[in-house]
Amino acid sequence: MTTAPTARRRARTTASLVSLGALLATSATVLTAAPATAAETLLSQGKTATASSTEGAAYSASAAVDGDLTGTRWASRWSDDQWLQVDLGARADISRVVLNWEGAYGKAYAIQLSDNGTDWRTAGSVTAGDDGTDELAVSGTGRYVRLQGITRATGYGYSLWEFRVYGDGGTTQPGPGGAVRVTGSQGNWQLTVGGQPYTVKGLTWGPSMADAPRHMPDLRSMGVNTVRTWGTDASSKPLLDAAAAQGLKVVNGFWLQPGGGPGSGGCVNYVTDTAYKNTMLTEFAKWVDTYKSHPATLMWNVGNESVLGLQNCYGGTELEAQRNAYTAFVNDVARRIHSIDPDHPVTSTDAWTGAWPYYKRNAPDLDLYSMNSYGDVCNVQRDWQQGGYTKPYIITEGGPAGEWEVPNDANGVPDEPTDVQKADGYTKAWNCVTGHRGVALGATLFHYGLEHDFGGVWFNLIPDGLKRLSYYAVKKAYTGSTAGDNTPPVITNMTVSPASAAPAGREFTVRADIRDPDGDPVTPKIYLSGNYANGDKRLVDAQYRSLGNGTFAVTAPEKLGVWKVYVQAEDGRGNAGIETKSVKVVAPPVSGTNIALNRPATASSSQASYGDCPCPASNAVDGNPGTRWASDWSDPQWIQVDLGSTRSFNRLQLVWDPAYAKSYEVQVSDNGTTWRTIHTTTTGNGDIDTIETGATARYVKLQLTARGTGWGYSLHEFGVYA
């Protein structure tokens, strides 16, 4: 909202009311100016709030019930017919409603009650609102309480710092509490909390534990009732406390090596390493005892993808022995947890259903299984049925297809799904979970994270705090509706040209169709990631210029390889659409003839065997950017090429590997013995050096005096052009 007058006028203890005649006559509720009773309780704070619209992500409905009277607020679109409602969680006796208006207040509005969120009873109305605080006495019952705006007092929308509903707390349930059980029988299970059915509608947790109070109201507004963590220790308390304050539960994780599946570190010998296992048992028991009575604790989750991850440490029969020993240890942990805390289930997560036979054989004390599954999530039901399993499960990570599940694009890297496809992936995942009735007890989808990097853009619902289409897909899955929400820009038909031959340091073209469903002005941005080129997962600002009509001229990096290009469109309301394609950066063309191509080359040293080596000097003049010369790891070194006869040239192009030269000289010779220097630098950066200098000579040499890294010197190409 453009700043509306925010100076607070005097608070009032009553509001001007008008009877709604027949409507009130048929209702058991009346609206009066009677004083509040001493026994009433604040029922609305931290409960789920929804609205007909919001002015932006910073003004969500949940801000009106978060207890902050001056820092956060709900604000609607700028039209009259808007509403805000709060779900008290259960039917309650309502005694008072307090509206703390911001400068954009309601001149005329109604207060309504409902038992089901659909059929509303209007208790009364205000026709002459005058800003400040409206305190309305109400006598009636309902689970839902709604402010129905009729007429605005300003040109803005409606805006409330806080919407407080008071009444008899004895009839309300602030959130499920009590013992958590897996109940039922084969194929007909359910999770219960305090005896009440509980379906896990969750997200994995990404922000810091200390930031939980800031994010939990947003999770609640999405319909999330559970968050999942991977580790539990002293830092977990702020998360648990914030979750409990919003009526959410936590799947408390415990990390075991080698967690995280392929590529994750830490190899433990579960057959012989008794010390590690005893240490973990003691550590886990400590935190179970600490948090077993915390109202946010839902269950304990032991390990993450370790059955899969053990393949990084062992093979053959030893791998089988380790997987059996690992799952037997998980069972030991489950037994220890049950001895300390009999009131919360224990599960264990892995990455593919091939892990379940090990749990079935070795971990009978688990109450349920857990699975991380993305693009393949809809096959989990089939595998469970074919495996003859006798325990239910939850999906502890899920969402759109991951890097490991999608085909490669024309540049040979995983083809990342579009924003629309990712949103559909969450919808599909949730439908498949809920479709396995009586067995799948819910999911904690991946991922409520803030990172704005390669992985963050692939999976995070709120990278850099910006809400994606996937955010709203999860909200719709969990609440059934996103009506009234302002949603992100949608990017389609993104192209990069030339996609497989963008010259380093020069411009290439990016084009995309960008539209905003709400008609908001959109600001596009362009980012690059070198994840596939140099392992840097960060998103860095690209150098670009707009050509109009969704077309941009982007300057390619100097570093060769496949890069990701990101178009990010922001609507100024806390939402963003992000689309990405790959671009292959190649050496820029050099005019003339490479007279060093396939000529004899020699060097001070070359690596015989390391990684992709042998890497002889001849690799630098073979015209193949996929091969390289690599020296020993010491200074100085040299490489030279014999042109075969005295030749004239006017430029050189050096295509460096990451092991580059910071300082070097270009020298020439007529006889290979007596050298003269034609170029010197002390500021090499390891990308592509195009050296505009000429000479007439038979031999050309690079005298390399200072390395740019701890490795040696390495060149993909050493070109000399006539």
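What you see below is based on every heavy atom in this structure, not just the backbone, and it leaves out hydrogens, waters and symmetry mates. This structure is a prediction, so every number in the text was calculated from the model and none was measured.
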Over all atoms of both residues, closest heavy-atom pair of [X] and [Y]:
X      : Y      : value
Asn225 : Tyr198 : O-OH, 2.8 Å
Pro357 : Thr353 : CD-O, 3.4 Å
Tyr532 : Pro414 : OH-CD, 3.3 Å

Could you pull out all donor-acceptor pairs under 3.5 Å where a side-chain atom in residues 281-288 meets a protein atom, sequence neighbours excluded?
residue	atom	partner	partner atom	Å
Thr282	OG1	Asn278	O	3.0
Glu283	OE2	Trp287	NE1	2.9

* To do: Start with the C-alpha gap between Asp367 and His344, add the side-chain angles, then the distance that decides, and say whether side chain to side chain donor-acceptor pair (under 3.5 Å) holds.
  => CA-CA 9 Å; Asp367 299 287; His344 297 96; over 6 Å; no
To the nearest 0.5 Å, what is the distance between [atom1] ([X]) and [atom2] ([Y])?
X      : Y      : atom1 : atom2 : result
Thr183 : Trp189 : OG1   : CH2   : 11.0 Å
Gln196 : Arg181 : CD    : CZ    : 14.0 Å
Ser293 : Asp341 : OG    : CG    : 7.5 Å
Lys292 : Ile337 : NZ    : CD1   : 12.0 Å
Thr492 : Asp513 : OG1   : CG    : 4.5 Å
Ser470 : Gln421 : OG    : CD    : 11.0 Å

Is a side-chain donor or acceptor of [X] paired with a backbone partner of [Y] at a separation under 3.5 angstrom?
X      : Y      : value
Asp115 : Arg91  : no
Trp458 : Ala401 : yes
Tyr276 : Gln257 : yes
Asn312 : Gly309 : yes
Asp409 : Asn411 : yes
Glu405 : Gly375 : yes
Thr580 : Val565 : yes

* Are Tyr358 and Tyr326 close enough, and set up right, to give a ring pair (Phe, Tyr, Trp, His ring centres under 6.0 Å), and what steps lead you there? -> CA-CA 9 Å; Tyr358 298 94; Tyr326 168 78; 9.6 Å; no
Tell me, do [X] and [Y] make a side-chain contact under 4.5 Å, heavy atoms counted?
X      : Y      : result
Val271 : Gln322 : yes
Asp419 : Ile491 : no
Val182 : Gln190 : no
Arg468 : Ile578 : yes
Thr487 : Pro517 : yes
Leu298 : Val200 : yes
Gln568 : Asp464 : no
Pro258 : Leu310 : yes

* Pairs flagged by side-chain hydrogen bond (donor to acceptor under 3.5 Å, both in side chains) wherever residues 385-396 is involved - sequence neighbours left out -> Thr349-Thr396, Asn372-Thr396, Tyr393-His436
Check the side chains of [Y] and [X] for a donor-acceptor pair under 3.5 angstrom, ignoring hydrogens and angles.
X      : Y      : value
Asn252 : Thr297 : yes
Ser60  : Ser221 : no
Asn362 : Asn324 : yes
Asn460 : His452 : no
Ser348 : Tyr359 : yes
Tyr448 : Asp218 : yes
Tyr270 : Ser306 : no

* Asked: Between Leu461, Ile462, Leu466, which is the residue that forms a side chain to side chain contact (heavy atoms under 4.5 Å, CB included) with Leu450?
  -> Ile462
Taking only residues two or more places apart in sequence, or in another chain, which ones meet [X] in a ring-ring contact (aromatic ring centres under 6.0 Å, His included)?
X      : value
Trp300 : Phe254
Trp563 : none
Phe459 : Tyr374, Phe446

* Trace of the side-chain contact (heavy atoms from CB on, under 4.5 Å) decision for Thr427 with Lys476 -> CA-CA 8 Å; Thr427 302; Lys476 186 171 184 179; over 6 Å; no
Is the count of non-hydrogen atoms from other residues, nucleotides or ligands lying under 6.0 Å from [X] atom [atom1] greater than 12?
X      : atom1 : result
Lys564 : NZ    : yes
Arg437 : CZ    : no
Lys360 : NZ    : yes

* Parallel, tilted or perpendicular: which fits the ring planes of Trp430 and Tyr478, with parallel below 30° and perpendicular above 60°? -> perpendicular
* Asked: Among Arg220, Arg143, Lys47, whose salt bridge (Lys or Arg N to Asp or Glu O under 4.0 Å) with Asp87 holds?
  -> Arg143
Looking at [Y] and [X], is any side-chain nitrogen of the basic one under 4.0 Å from a carboxylate oxygen of the acidic one?
X      : Y      : answer
Lys428 : Asp424 : no
Lys537 : Asp453 : no
Asp485 : Lys475 : yes
Asp350 : Arg323 : no
Asp536 : Arg538 : yes

* Would you sort out whether Tyr472 and Asn575 count as a side chain to side chain donor-acceptor pair (under 3.5 Å), showing the intermediate values? => CA-CA 10 Å; Tyr472 294 97; Asn575 300 309; 2.7 Å; yes
* Asked: Given Val457 and Glu416, is the side-chain contact (heavy atoms from CB on, under 4.5 Å) satisfied, shown in steps?
  -> CA-CA 10 Å; Val457 169; Glu416 186 166 343; 4.0 Å; yes
* Asked: Which pairs count as ring pair (Phe, Tyr, Trp, His ring centres under 6.0 Å) when at least one residue sits in residues 228-252, sequence neighbours excluded?
  -> Trp230-His447
